[in-house]
Amino acid sequence: MPLPNETNYQVIDTDYENYSLVYNCNEMTQYQIVWILSRKPVMDSATMVKVLGILAERVPNFSPTHFDGITY
C-alpha cells in the first residue's frame, strides 16, 4: 500500500509561545498518537495540566496513561 501524499495530523491547540498539542489518528487502524511539544526542555507543571485538560476535552477517547511526561 503506498504512503498517503497528505499529512494526517491536526494541531489541536497552541499558545504560540510555550506549547503545541498535535493529534493523529490512523483511519484504518484507529491507532492514535499525540505530540505535546514545548519550547522548553521541561514543561512547567501548570502548563502540562492545562494541555492535558485540553487533550481530555477535545479528544475524549484518548488516554495518556502510558505517557511518562518526559520524552526527548
Side-chain angles (χ1 to χ4, degrees):
M1 181 164 95
L3 295 173
N5 292 331
E6 298 178 12
T7 57
N8 184 25
Y9 64 87
Q10 300 172 2
V11 177
I12 294 176
D13 195 58
T14 185
D15 70 353
Y16 297 99
E17 294 180 12
N18 299 299
Y19 73 89
S20 291
L21 179 58
V22 182
Y23 173 78
N24 171 271
C25 181
N26 183 297
E27 291 179 21
M28 291 178 58
T29 64
Q30 297 299 302
Y31 184 73
Q32 297 175 313
I33 299 173
V34 169
W35 294 272
I36 299 173
L37 308 170
S38 174
R39 289 191 183 259
K40 299 177 185 176
V42 178
M43 183 181 288
D44 64 83
S45 60
T47 303
M48 180 60 83
V49 168
K50 175 183 175 179
V51 170
L52 290 175
I54 293 167
L55 177 60
E57 177 185 312
R58 299 204 183 154
V59 188
N61 62 338
F62 181 82
S63 175
T65 56
H66 64 278
F67 179 64
D68 64 6
I70 302 172
T71 304
Y72 298 97

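By convention here, the first residue in the shown sequence is residue 1. Please read these numbers as outputs of a predicted model, since none were measured by experiment. Values reported hereafter were calculated over all heavy atoms of this structure, with side chains retained and with hydrogens, waters and symmetry mates removed.
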Legend entry - F62 reachable from L21 in the ILVMFWY side-chain graph, under 4.5 Å edges: yes

Legend entry - For R39, all residues meeting salt bridge (charged side-chain N to carboxylate O under 4.0 Å, His left out), sequence neighbours excluded: none

Inset, instruction - To the nearest 0.5 Å, tell me how far I12 CD1 sits from L55 CG. - result: 6.0 Å

Legend entry - Spacing of CG belonging to L52 relative to OG belonging to S45, to within rounding of 0.5 Å: 11.0 Å

Legend entry - Cluster overlap V49 with V51, hydrophobic side-chain contacts below 4.5 Å: no

Legend entry - Nearest atoms (heavy-atom pairs only) where L37 meets M43: O-CE, 4.0 Å

Inset, instruction - State the CG-OG distance between N18 and S38, to the nearest 0.5 angstrom. - result: 7.0 Å

Inset, instruction - Please name the pair of heavy atoms, one in M48 and one in I36, separated by the smallest distance, quoted to 0.1 Å. - result: SD-CD1, 4.2 Å

Legend entry - Gap separating the CD atom of E57 from the CG atom of D13, nearest 0.5 angstrom: 9.0 Å

Inset, instruction - Supply the atom-to-atom distance D15 CG to I54 CD1, rounded to the nearest 0.5 angstrom. - result: 8.5 Å

Inset, instruction - Apply side-chain contact (heavy atoms from CB on, under 4.5 Å) to V59 and Q32, showing your working. - result: CA-CA 10 Å; V59 188; Q32 297 175 313; 4.2 Å; yes

Inset, instruction - Give the minimum heavy-atom separation between Y9 and N24, together with the two atoms involved. - result: N-ND2, 4.1 Å

Inset, instruction - Write down the atom of Y19, the atom of T14, and the distance for their closest heavy-atom approach. - result: O-OG1, 2.7 Å

